[in-house]
Amino acid sequence: MAMNPKIEKELNEQIMWELYSSYMYLSMSSWYESIGLKGFANWESVQAQEELEHAMKFYSYMISRGGRVKLQAIKEPPTEWASPLDAFEASLEHEKFVTSRINLLVELAIEERDHPTNNMLQWYVDEQVEEEANAEEILNQLRLMGSQGNSSLLYMLDKELATRVYTPPATDKKN
Ligand code: FEO
């Protein structure tokens with residue numbers, strides 16, 4: 001059993017983008033640690049773990065279809081941002097890019113009549129709605145605080161973001 005080569009190529013690239021996402025959010029987490037925003041750091045570290053999960057879901061799917069996973073170079077992420085607002089603007093922009101990648105994959109799967117891949121991708125279609133909404137919600141709160149930043153509101157948001165917990169996916173052989 002072999003995968004459609006066009007799909008195999010794009011899925012391999014997508015594994016790289018998901019791993020880059022993890023790398024970028026981990027970089028954000030370490031930047032937040034360096035400026036003392038521990039809650040923001042926690043939120044980004046959970047996000048980095050979720051992105052690893054996204055990459056592994058593609059990885060397992062490719063293996064289950066007899067595809068050949070070939071890992072690609074992951075570019076260096078930025079290491080600093082001007083402010084939390086700047087970092088969340090970058091996150092939302094990045095998630096919109098990932099959404100465009102997922103849409104491209106869905107279109108390719110339809111074009112190539114690869115129904116199982118199209119079916120698998122629907123999980124990511126839903127996930128991207130959530131990913132963009134999460135970034136947008138925090139971005140809106142940061143915008144409300146104003147560009148100068150209101151330190152007591154920022155402190156409260158930091159407390160709230162400290163509560164995010166990583167939930168590993170339920171063990172399901174099909175995923
Ligand atoms: Fe896996 Fe945030 O997209």
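Atoms within each ligand, like the ligands themselves, are counted from 1 in listed order.
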Any donor-acceptor pair under 3.5 Å linking the side-chain atoms of [Y] with those of [X]?
X: Gln47; Y: Glu51; result: yes
X: Gln122; Y: Asn118; result: yes
X: Tyr61; Y: Thr117; result: yes

Atoms of type N, O or S from protein under 2.8 Å of atom 2 (Fe) of ligand 1, total 4
Name every donor-acceptor pair, under 3.5 Å, that has one atom in a side chain of residues 69-76 and the other anywhere in the protein, sequence neighbours excluded.
none

ask   = When the ring planes of Phe58 and Tyr124 are compared, do they come out parallel, tilted or perpendicular, using 30° and 60° as the limits?
value = parallel
Practice task
Specify whether Phe97 and His94 have parallel, tilted or perpendicular ring planes, treating 30° as the upper limit for parallel and 60° as the lower limit for perpendicular.
Solution key: tilted
